[in-house]
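First up is the structure itself, then whatever we jot down about it.
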Amino acid sequence: MIRVAAVGDIHMGPDSQGLLRPAFETLPDCADLLLLAGDLTRHGTPEEARVVAQEVRDLPVPVVAVLGNHDHHDEQPEKVTALLQDAGVTVLEGQGTVVECAGTRVGIAGTKGFGGGFVGRSAGEFGEPLMKEFVRATRHSADSLRTALEELAGQGCAARVALTHFSPVADTLAGEPLEIYPFLGSYLLAEAIDTAGADLAVHGHAHLGSEHGMTAGGVRVRNVAQPVIRRAFNVYQLQGA
Amino acid sequence: MSDPAAPQEPTASGAAAENVEYRVAHLQDRLAAEELGELGVRAEIRAGAIVVTGTVPSTQCRETLLRIAHEELAGLTVHTDIVVADNARPDHAEEL
């Protein structure tokens, strides 16, 4: 059994230092690894990223993260990534990593993802260059997620987890206004997950959404945005892994 | 928190600014653009009042949000229900 702790949308700023650390320090009692599903900061500034880095530095469980749209706002995602990496966090963007947990290998494939919407109500790669660029960005992200999951399949992992910021399914957006679904996720991410296979998909981004969902291919999806789970993190036990 | 005072004359000038819908939109623009970087709060017109709801990361964020909401919507009836995120560890795991 693998115990996966996860949270997203912690939106840390200078006034946040130390708020999550007490709960994170209890992680070894209840989880084998911690996933951070993006929007770790408010504006993506180095100052905010240092707060996040300090909050997770030297935790006794592996920490794997993707960035969210807020973490890009200051247009320094490389700096945010570097500060988190310096604190021991593995930051994924279109890549996979394998974490060893008590003799078991867990594969995590991560990407921020992007919007576009869900089947029958989605944006197409058509028309103005800006519109095509928007959809291509999502497609590129989904392709990288699929490739990373496929590569993990050959690395002897007992379980594979897809980690994104944007949602792969509409299920976990329930509670958000329908009109903004295309800005909250894309079915292309779910298609990538179903094509490559995964044991769990974790995302954030939708603060007013709901926790539980599933892809068309039957992969469980969990929205771990902190306003949704109303905890420092949630823990998912993957049976048989 | 509620501020059930009767609506007063809008303080902003100009026809667009006096339209409540646009004032709500401007509140949301300001919450995103200023120090909060807040996109997750909902502001809706309901029965003649503005209802502002959502979860923010800290007590300080909540205070800032309430201040901005009351500044932007001055003169209107504003009901707020802003929750500060809970940072407690979970008391159980979900078995998948």
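Letters go in sequence order (proteins before strands), and every chain restarts at 1.
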### Task
Would you give the length of the straight line joining atom NE2 of H92(B) to atom CG of N234(A), rounded to the nearest 0.5 angstrom?
7.0 Å
### Task
Measure distances from R220(A) to the heavy atoms of chain B and classify the residue's part below 4.5 Å as side chain, backbone, both or neither.
side chain
### Query
Looking at NE2 of H212(A) and CD of E94(B), how far apart are the two atoms once the value is rounded to the nearest 0.5 Å?
4.0 Å
### Query
Got more than 12 heavy atoms from elsewhere within 6.0 Å of CZ, R67(B)?
yes
### Message
With rounding to the nearest 0.5 angstrom, report the CD to CG distance, Q237(A) to L96(B).
### Response
8.5 Å
### Task
Taking atom CZ of F134(A) as the centre, report whether more than 12 heavy atoms of other residues, nucleotides or ligands fall under 6.0 Å from it.
yes
### Query
Which pair of non-hydrogen atoms, one from A23(A) and one from A88(B), has the smallest distance, and what is that distance?
CB-C, 4.4 Å
### Query
What distance do D15(A) atom CG and T64(B) atom OG1 have between them, rounded to the nearest 0.5 Å?
7.5 Å
### Message
What's the separation between atom CZ in R230(A) and atom OG1 in T55(B), rounded to the nearest 0.5 Å?
### Response
5.5 Å
### Message
I need the residue from L19(A), V4(A), L20(A) with the largest number of non-hydrogen atom pairs under 4.5 Å to chain B.
### Response
L19(A)
### Message
Please report the interatomic distance CZ(R42(A)) to CD(E34(B)), rounded to the nearest 0.5 Å.
### Response
14.0 Å
### Task
Could you tell me which portion of I10(A) (side chain, backbone, both or neither) has an atom closer than 4.5 angstrom to a non-hydrogen atom of chain B?
backbone
### Query
Given a strict heavy-atom distance threshold of 4.5 Å, which part of E25(A) is in contact with chain B: side chain, backbone, both, or neither?
neither
## Note on the structure
When the 4.5 angstrom heavy-atom criterion is applied to H11(A) and chain B, the contacting part is both
### Task
Given side-chain contact (heavy atoms from CB on, under 4.5 Å), test H207(A) with V41(B) step by step and report yes or no.
CA-CA 8 Å; H207(A) 292 201; V41(B) 166; over 6 Å; no
### Message
Under 4.5 Å from any heavy atom of chain B, what part of R3(A) do you find: side chain, backbone, both or neither?
### Response
neither
### Message
If I measure from the heavy atoms of chain B, does D39(A) come under 4.5 Å with its side chain, its backbone, both, or neither?
### Response
neither
### Query
P177(A) versus chain B, heavy atoms under 4.5 Å apart: side chain, backbone, both or neither?
both
